[in-house]
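Read through the structure below, which is laid out as C-alpha cells, and then see the notes.
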Protein chains: 2
Amino acid sequence: METVSRYSRNREAIQEYLLGTKEHPTADVVYHALKAKNPSVSLGTVYRNLNQLAEQGRILKLSMDDGSEHFDGNPLPHHHFTCRMCGRVLDLDLDPDILKDLNDAASADFNGVIEGHSIYFYGLCSLCKK
Amino acid sequence: METVSRYSRNREAIQEYLLGTKEHPTADVVYHALKAKNPSVSLGTVYRNLNQLAEQGRILKLSMDDGSEHFDGNPLPHHHFTCRMCGRVLDLDLDPDILKDLNDAASADFNGVIEGHSIYFYGLCSLCKK
DNA sequence: GTGCTAATAGGAACTGTTATTATTATGCCA
DNA sequence: TGGCATAATAATAACAGTTCCTATTAGCAC
C-alpha cells in the first residue's frame with residue numbers, strides 16, 4: 001500500500017508550523033493554527049498529514065500519560081517532560097551514555113529484542129514550581 | 001471531594017483478576033473477563049473501579065505509545081515492554097542504579113522539579129523475533 | 001493542454017471513556 | 001436487629017478524539 005506523496009500546501013504548512021514552535025501541540029491546536037491562515041482546512045486533513053509526517057519520520061508523535069497525543073517538529077531522538085500542574089510539554093536532553101546503559105540494562109535478562117524506548121519525565125516546570 | 005470507599009464485590013473481582021494474570025489487559029478485556037462470571041457488570045463500573053484502584057495506587061495504569069490504556073495488577077514501580085508485532089505488554093525489571101542515574105541526568109540542566117518518569121521499551125518479544 | 005491519481009473539505013461514523021440517573025447494597029448507629 | 005445515609009451499581013446517554021467516506025480539486029507526467 002505504498003503511496004507516492006505529492007506536494008501539498010497543507011502538509012508543508014503543518015510541518016512549518018511545528019518547526020516554528022517550541023511547544024508540542026495537539027492535533028487540535030495545529031488545526032486551529034492552520035485555520036487562522038486558511039479557514040478552509042479540515043480537521044481530517046490535519047490528522048492525515050500529521051500521521052503521514054510522523055510515519056515518514058519527519059515529525060514525532062508523543063503519546064502522553066494522560067492519553068492525549070502531542071506532536072513535535074523535531075524528529076531527532078530526544079526526551080520530554082510534562083508538567084503535572086500546567087500540562088506543558090518541554091524538551092529535555094539526556095546524556096547519550098545513560099541511554100546506552102539503559103538499553104543494555106533492559107536487554108540483560110530479556111528474551112526478545114529491544115529496539116528502543118520512550119521516556120516521559122514528569123514533575124513541575126520552572127514556572128509552576130513557585 | 002474525598003469519598004470513603006466501601007466494599008464492592010466488583011472492585012474486588014477486578015483487582016483479583018489483575019493480580020491473577022501476568023498480562024496487562026485493557027479496560028475492555030477486564031470487562032469481558034468479569035462479564036463471564038457475572039453477566040450483569042457494566043462497562044462503566046469497570047472503568048470507574050480501574051481508575052479508582054489506580055488513583056489509590058493499588059494498580060497501575062499504563063498509557064501505551066499507540067494511545068491505548070492497559071492496567072497492571074502490580075503497583076510496585078517497574079517497567080514495560082511492548083512487542084511491535086503482537087502488541088503484548090510484558091514486565092521488564094531494571095537495575096535501580098540506572099534509574100537513579102537517569103533522573104539525575106534529566107535534572108542536570110532542567111529548571112523545574114523532576115518527580116519521576118515512565119519508560120516504555122519496544123521491539124520484538126521472544127515469540128515474535130523468530 | 002489531457003489524464004491519472006494524490007490531496008482536500010466536509011461531514012458521517014466509530015472508539016474509548018466519562019457522566020447521568022434510577023436503583024441496589026453497604027455499613028454505621030440506635 | 002432495623003433504619004438510614006450514601007457508596008456502588010447497571011444501563012444508557014453524552015462526549016472527545018480520531019478515522020473513514022465521498023465528491024471535488026489540484027499536482028504532475030506526458
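Please read these numbers as outputs of a predicted model, since none were measured by experiment. Note on naming: letters A, B, ... go to the chains in the order of the sequence lines (proteins, then strands), and numbering restarts at 1 for each one.
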What is the separation between atom [atom1] on [X] and atom [atom2] on [N], rounded to the nearest whole Å?
X: A:N10; N: D:dT25; atom1: CG; atom2: P; result: 16 Å
X: A:Y31; N: D:dG17; atom1: OH; atom2: P; result: 13 Å
X: A:Y47; N: C:dA12; atom1: OH; atom2: C1'; result: 16 Å
X: A:N38; N: C:dA7; atom1: CG; atom2: C1'; result: 13 Å
X: B:E12; N: C:dA25; atom1: CD; atom2: P; result: 17 Å
X: A:N51; N: D:dT18; atom1: CG; atom2: P; result: 9 Å
X: B:L50; N: C:dG16; atom1: CG; atom2: P; result: 15 Å
X: A:R48; N: C:dG11; atom1: CZ; atom2: P; result: 16 Å

Under the salt bridge (Lys or Arg N to Asp or Glu O under 4.0 Å) test, residues paired with B:K100 that sit two or more places apart: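 B:D104.
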
Who passes ring-ring contact (aromatic ring centres under 6.0 Å, His included) against A:Y31, sequence neighbours left out?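 If we apply the ring-ring contact (aromatic ring centres under 6.0 Å, His included) test to A:Y31, skipping adjacent residues, there are no hits.
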
Please classify the nucleic acid contact of B:R11 as base, sugar-phosphate, or nothing, using heavy-atom distances under 4.0 Å.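 Result for B:R11 = sugar-phosphate.
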
Base, sugar-phosphate or nothing for B:N49? Non-hydrogen atoms, less than 4.0 Å.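 The answer is sugar-phosphate, as B:N49 gets under 4.0 Å only of primed atoms, P, OP1 or OP2.
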
Say whether [X] and [Y] are linked into one hydrophobic cluster, either directly or through other cluster members, by side-chain heavy-atom distances under 4.5 angstrom.
X: B:M64; Y: A:M64; value: no
X: B:I98; Y: B:I119; value: yes
X: A:L62; Y: A:V29; value: no

Below 30° counts as parallel, above 60° as perpendicular, anything between as tilted: where do the rings of B:H117 and A:F121 land?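 Perpendicular, since the angle between the ring planes exceeds 60°.
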
Sequence neighbours left out, what passes side chain to side chain contact (heavy atoms under 4.5 Å, CB included) with A:E115? Give chain and number order.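 With sequence neighbours excluded, A:E115 shows a side chain to side chain contact (heavy atoms under 4.5 Å, CB included) to A:V113, B:R84, B:Y122, B:L124, given in chain and number order.
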
Looking at A:R9, I'd like to know if its CZ atom is crowded, meaning that more than 12 non-hydrogen atoms belonging to other residues, nucleotides or ligands lie closer than 6.0 Å.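 Atom CZ in A:R9 is not crowded, with 12 or fewer foreign heavy atoms closer than 6.0 Å.
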
Please list each protein N or O that sits under 3.5 Å from an N or O in nucleotides 11-14 of chain D, with the distance.
{"unit_1": "D:dA11", "atom_1": "N7", "unit_2": "B:S42", "atom_2": "OG", "d": "3.4"}

Any pair with a residue in residues 86-99 of chain B that passes side-chain hydrogen bond (donor to acceptor under 3.5 Å, both in side chains), sequence neighbours left out, goes on the list, sorted by first then second residue, please.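 Matches after skipping sequence neighbours: B:H24-B:D91, B:H78-B:D91, B:H80-B:D91.
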
Polar atom pairs (N or O), protein with nucleotides 27-30 of chain C, under 3.5 Å:
{"unit_1": "C:dG27", "atom_1": "OP1", "unit_2": "B:Y7", "atom_2": "N", "d": "3.1"}

